[in-house]
Each structure stands twice: as structure tokens, then as C-alpha cells.
Amino acid sequence: SDDAPGCEPYRKMLALHSRALAMASEPKGDVDADDTEDAHALVTSTNHVMDGVCALFVNVAAKRKATLAKLLTRMGGVAVEVDDEQGEVTHVIASDDNIVLAKAMDDLSDDVIKVNLEWITACFKQSSRLSESDYAPRAHVAALPEIPHIDDMSQSVSTTNNAMAPVERKSSQAKRASALMLKGAHGEAIWTSDFVDNEKLEKRREFFVCQPNAYTEKKLVMECNTKVADILAELGEIYKSALRDEYRGKQYNQAANALRALNFEVTSTDQCDSIPMLSKKTSKIRKYVGEILSFGKLKALDEMKQRPDVKACLELTGVHGIGPVTAHKLFLKGYKSVADLRRAPKGTLSEPQSIGLKYVEEFKERIPREEVSVLATAVREAANTFMDDKVHCYCVGSFRRGRSSSGDIDVLVECRDESCMTDLLMHILNDLRPGGKSPRSGILTDDLLVGDVTYMGVARLQRPLDDSDTKPPVHRRMDIKIYHSAQLPTALLYFTGSMRFNRSMRLWAKLKGFNLQDKGLYADREQVEMSRIS
DNA sequence: GCCC
DNA sequence: CAGTACG
DNA sequence: GGGCCGTTACTG
């Protein structure tokens with residue numbers, strides 16, 4: 001997924017969005033800047049720039065809409081939620097990259113002015129009302145088919161826009177908004193996903209781990225370059241956990257994974273050419289690969305491992321709840337090891353971190369499949385004592401992928417009644433906590449986080465699986481999540497993973513014009529609720 | 001650290 | 001709301 | 001030189 005070349009358009013789209021966000025939030029910084037007099041002048045000069053503007057944001061993500069609306073209001077304009085046909089809307093504001101909208105806006109009457117998001121921020125920066133025509137939303141439909149192909153069955157899901165439209169529109173407000181923006185020739189709903197260039201996307205299919213292809217099989221069989229990869233990954237881990245350089249660490253890890261995925265052994269740096277990120281002769285990681293091939297080790301890594309701060313932070317981040325930043329802060333306070341932390345005064349660590357500390361060693365142990373099964377079954381049994389309703393539970397994560405051991409236990413609970421999801425969770429917790437009268441009482445030993453529909457905590461078997469085992473059962477990380485039936489399919493998909501598979505699948509969905517989340521699949525990239533596919 |  | 005941790 | 005996964009839900 002990370003290496004899929006098909007991600008550029010999406011990256012660009014994201015870049016556009018974040019730029020818009022950055023610009024939108026900028027004024028606050030400006031006003032707070034040192035030169036208050038200028039800042040004041042700026043505020044007054046932009047005060048009336050948008051007088052008389054009544055804007056309707058269409059198909060703009062909620063967060064961005066809020067930011068821009070605030071900015072608009074500061075400049076004297078008004079943002080409305082619905083076009084209530086009183087003709088008060090003067091401007092329709094949409095993003096450049098929204099294909100559907102750009103298309104639908106062609107059909108809009110000329111008495112509203114169509115502009116992109118940049119217009120607002122540009123006007124603010126220039127302190128004047130800029131020409132709307134310079135900021136007309138750009139449509140990128142030219143290269144795409146006017147009418148979606150329905151010739152290929154594998155793509156039909158993404159191109160359906162007829163009577164059997166998969167789209168369920170929710171609120172009346174959503175309907176109203178869609179009346180404005182989704183004027184298809186026959187009044188049908190049209191979404192971003194209807195305009196995807198599937199032919200082009202098809203060529204990239206092989207690069208996605210979420211798609212059936214040869215790449216997946218290759219990876220299962222081969223185990224090459226593990227030595228080089230392990231060293232690079234170790235360096236990556238140090239950058240991420242000890243040096244708080246997330247992105248540098250990520251590069252090392254990505255390079256390590258790419259080398260592991262190769263189906264041949266690399267014996268010279270020239271063989272790195274097939275890996276995009278290592279293909280440049282000047283690549284630093286490529287040089288490191290050469291050094292490892294020649295000497296079997298990496299000087300930079302060995303030196304790094306000698307550093308006391310690195311040693312300390314690596315050990316401290318091993319505690320659940322302590323990340324790179326907290327580890328560094330603790331190091332500066334003089335804590336250099338888990339043993340030091342155990343001597344720390346109460347209050348040094350947060351409650352969840354203290355629990356993480358209590359079980360550091362135990363949490364690092366893998367959980368045998370059999371034990372995952374037993375503990376998850378306890379959750380299912382607890383859930384099924386709730387209101388006589390047959391509650392379905394799924395043990396997800398690596399267990400559901402068939403792994404023989406797992407790092408933690410992840411249980412997904414389906415609740416048919418949206419109104420009692422929290423009750424169900426509380427019922428399960430009470431059943432499993434110590435001191436109760438259920439046969440499962442005491443399975444949960446500690447809580448890390450108790451939310452409305454989310455639980456993160458600690459569980460352990462009441463007695464060893466093997467009767468002859470005298471050691472007490474190991475404490476395990478356990479998560480329980482309650483999902484409403486409507487959200488279950490995508491929740492299952494999401495929590496079954498793997499993470500890499502998920503990221504690939506989400507990207508694939510994005511490029512298809514969909515938006516895949518744990519709570520649902522949406523036919524449009526951004527406007528979430530109204531394009532929900534039921 | 002690498003890509004755009 | 002920013003910072004943090006997580007999968 | 002800016003951006004780098006998206007989301008959830010906590011803490012402060």
C-alpha cells in the first residue's frame with residue numbers, strides 16, 4: 001500500500017486540503033502576532049470584505065467547513081447550512097478536486113456564484129474581495145468517461161447510479177443539499193465514485209495488498225534479506241521511539257519491509273534499483289545497505305545503541321502508555337529504566353501507564369491461539385446474559401486472520417439496539433470484573449480506558465489452560481468494542497486487518513471514489529452521512 | 001529520510 | 001483544543 | 001521546504 005504508485009492523486013488531494021486548512025487557520029496566528037497594531041489594522045480591513053455574501057458550502061468536510069465558515073463570518077459574510085429556496089444564497093463554495101460537484105455545478109443557475117475554497121482564504125490574505133471568476137472550482141472530468149462504464153462486473157458496484165442506487169440519503173437537510181448538487185440527467189444521485197477512471201485504476205491493482213494478485217503469494221514464500229532488513233528496522237525503531245523522529249524512522253522501516261518483500265537476495269546495492277525509495281544512487285539508506293553487505297553491521301546503529309538516552313527511551317517506550325515524548329520527558333527527569341520507574345513516586349505516571357508498568361513483561365508475551373479463544377469466549381458468554389437477546393461476538397484481529405498466536409485480544413460485540421450499546425458494554429464488564437457472582441468473575445483485572453462503547457483493559461485466565469501448570473496465568477491486553485448492526489460489516493473488515501491490508505484497502509477505496517471507515521462505506525470522498533451505502 |  | 005498513544 | 005494514515009479517545 002505505502003509503495004503503491006497509484007497514490008499520487010490522493011496525496012495531491014490531501015495536500016490541497018491541508019493547504020486550505022493551513023491557510024484558513026493562519027489568520028489567528030497573524031492576529032496574535034507580535035505587531036498588534038498591524039494585526040488590528042488587518043482585522044478591521046477585512047471586516048467587511050464579505051459583506052452581502054451568503055455562502056453555502058457543498059460537499060465540504062465538516063471540519064474544514066467550520067474553519068472556513070468562521071473565517072467568512074469574520075469578514076462580514078454569512079454561511080448557511082441549507083439552500084432553502086428563498087434565493088438568499090449568493091455563493092456556492094466547493095473544493096476544486098470534487099469531480100461530482102464540479103460536474104453538477106455546471107447545471108446550476110447563474111444567479112449563484114460558484115467558487116472554490118481558496119477564494120475565502122485568498123480574499124482574507126489580500127484583504128479584499130477577489131474576482132470570483134479566478135476562483136471557479138476546477139473540474140477534472142475531462143479525462144474521465146462522461147457516463148460510467150458498466151461493462152465490467154467487478155466494477156459495477158462503483159458505477160451503479162440507476163434505480164438500484166446503493167445510496168441511502170438520511171436527513172431532509174441532506175436531501176435538500178443533494179437536490180442542489182447532484183442533478184443527474186434523470187434526477188439520480190451521482191457520487192464521486194461514479195466518475196472514477198477504472199481503466200487506469202485497474203492497471204495499478206497488482207500493487208495493492210488488498211487485491212488478489214501474484215505479489216501476495218510471492219511474499220508468503222520468500223524470506224530474503226532478513227539480516228539487512230532487521231538492522232534497518234532496528235535503526236528505524238530507534239529514530240521513532242527514542243529520538244522522536246517519526247518520519248525518519250518510518251523511512252527505515254519502509255526500506256526494511258521493501259527488502260523483506262523482495263523475492264531474491266540482495267548482494268549488491270545495484271539490486272536496490274527495483275525499490276523506488278532506494279533507487280537513487282544518493283540514497284542514504286542505500287549506502288547503509290552497502291555497508292551492511294560489506295561489514296555485516298552498521299556503525300551508525302552501533303553508536304546509536306551506546307547512547308544512554310537511546311537505551312533509556314527504548315526501554316521506557318516498552319511500557320504500554322508511554323510513548324516517545326513521555327519517555328523523553330521521563331529520561332530528562334532522571335528515569336533511565338523500568339526499574340527506575342518502579343521506584344518513582346506515585347503520580348509520576350498516569351493511571352493507565354502505571355498499569356502498563358505493572359505488566360510490562362507480561363504484555364510483551366505472545367498469547368497462544370487457544371488462550372485467545374478461551375478469553376474471547378468469556379466475553380461472548382458475558383454478552384449473552386444481557387437481556388435474553390442473542391448477542392453476536394467476534395474475536396477479530398490476528399486471531400480472525402488465523403494466526404497461531406496474538407499480541408492482544410480484540411473482541412467486537414454486535415448490538416442490534418442502538419439505544420443500549422453502553423448498557424451492554426457495562427453489563428459485560430460487570431460480569432467479568434472481580435467480585436461479581438458470574439462464573440467468569442475476575443477475568444478482567446484492570447481497566448485502562450472505559451468509554452461509552454469502547455473498553456481497553458487487562459484480562460487473564462481464571463486458571464491455567466493446562467492443569468499441571470502451576471504458574472499463574474499471564475495478564476493480557478484486551479479490547480472490547482460495541483458496534484451497532486448497521487456498522488458491523490465494515491467494523492469487522494476494519495478490525496480484522498491487518499493494518500497494512502486496511503491501509504491498502506482504504507487507499508483502493510479512495511481511488512475508487514469511495515470512503516471506507518470502520519463505521520461504513522461511503523460513495524463519496526468526503527460528505528459522510530448522506531452518501532452512506534446501506 | 002525520501003518525495004514532490 | 002493541543003498533545004499523546006494506538007492499530 | 002512542506003508533508004508524510006486516519007481515527008478514536010483519552011489527558012491536561
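Order of the sequence lines fixes the chain letters, A, B, ..., with proteins taken first and strands second; residue numbering starts at 1 for each chain.
D:dA9 atom P lies 15 Å from atom CD1 of A:Ile480, rounded to whole Å. One can place CZ of A:Arg248 at 9 Å from P of B:dC2, the figure rounded to the nearest angstrom. Remark: C1' of D:dA9 and NE2 of A:His320 are 13 Å apart, rounded to the nearest angstrom. Counting to the nearest Å, the P atom of C:dG7 and the CZ atom of A:Phe495 are 11 Å from each other. One interatomic measurement links the two molecules: CZ of A:Arg244 to P of C:dA5, which rounds to 11 Å at whole-angstrom precision.
Between A:Lys250 and D:dC5 there is a side-chain polar atom (N or O) within less than 4.0 angstrom of OP1 or OP2. Here A:Thr326 reaches the OP1 or OP2 of C:dA5: one of its side-chain N or O atoms lies under 4.0 Å away. Between A:Tyr247 and the phosphate of B:dG1, there is no side-chain N or O to OP1/OP2 separation shorter than 4.0 Å. Contact annotation: A:Lys329 reaches the phosphate of C:dT4 (side-chain N/O to OP1 or OP2, under 4.0 Å).
Among residues at least two apart or in separate chains, there is no ring pair (Phe, Tyr, Trp, His ring centres under 6.0 Å) pair with a member in residues 391-411 of chain A.
A gap of 26 Å separates the C1' atoms of D:dG1 and C:dT4, to the nearest Å. Nucleotides D:dC4 and C:dG3 place their P atoms 16 Å apart, quoted to the nearest Å. Atom P of D:dC5 sits at a distance of 14 Å from the matching atom of B:dC4, rounded to the whole Å.
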Name the pairs: protein N/O against N/O of nucleotides 10-12 of chain D, kept only if under 3.5 Å.
none

side-chain hydrogen bond (donor to acceptor under 3.5 Å, both in side chains) between A:Asp447 and A:Tyr455, worked out: CA-CA 8 Å; A:Asp447 300 336; A:Tyr455 174 81; 2.6 Å; yes

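Remark: A:Lys250 does not engage A:Glu237 in a salt bridge, criterion side-chain N to carboxylate O under 4.0 Å. Using a cutoff of 4.0 Å between basic side-chain nitrogens and carboxylate oxygens, A:Arg476 and A:Glu371 are scored as salt-bridged.
Each of C:dG7, B:dC3, B:dG1 was ranked by its minimum atom distance to the side chain of A:Met277; first place goes to B:dC3. Which of B:dC2, C:dA5, C:dG7 sits closest to the side chain of A:Lys284 comes down to B:dC2. Distance from the side chain of A:Pro324 is smallest for C:dA5 among the nucleotides B:dC2, C:dA5, B:dC3.
A:Arg244 places no side-chain N or O within 3.5 Å of a backbone atom of A:Val325 that could act as its donor or acceptor partner.
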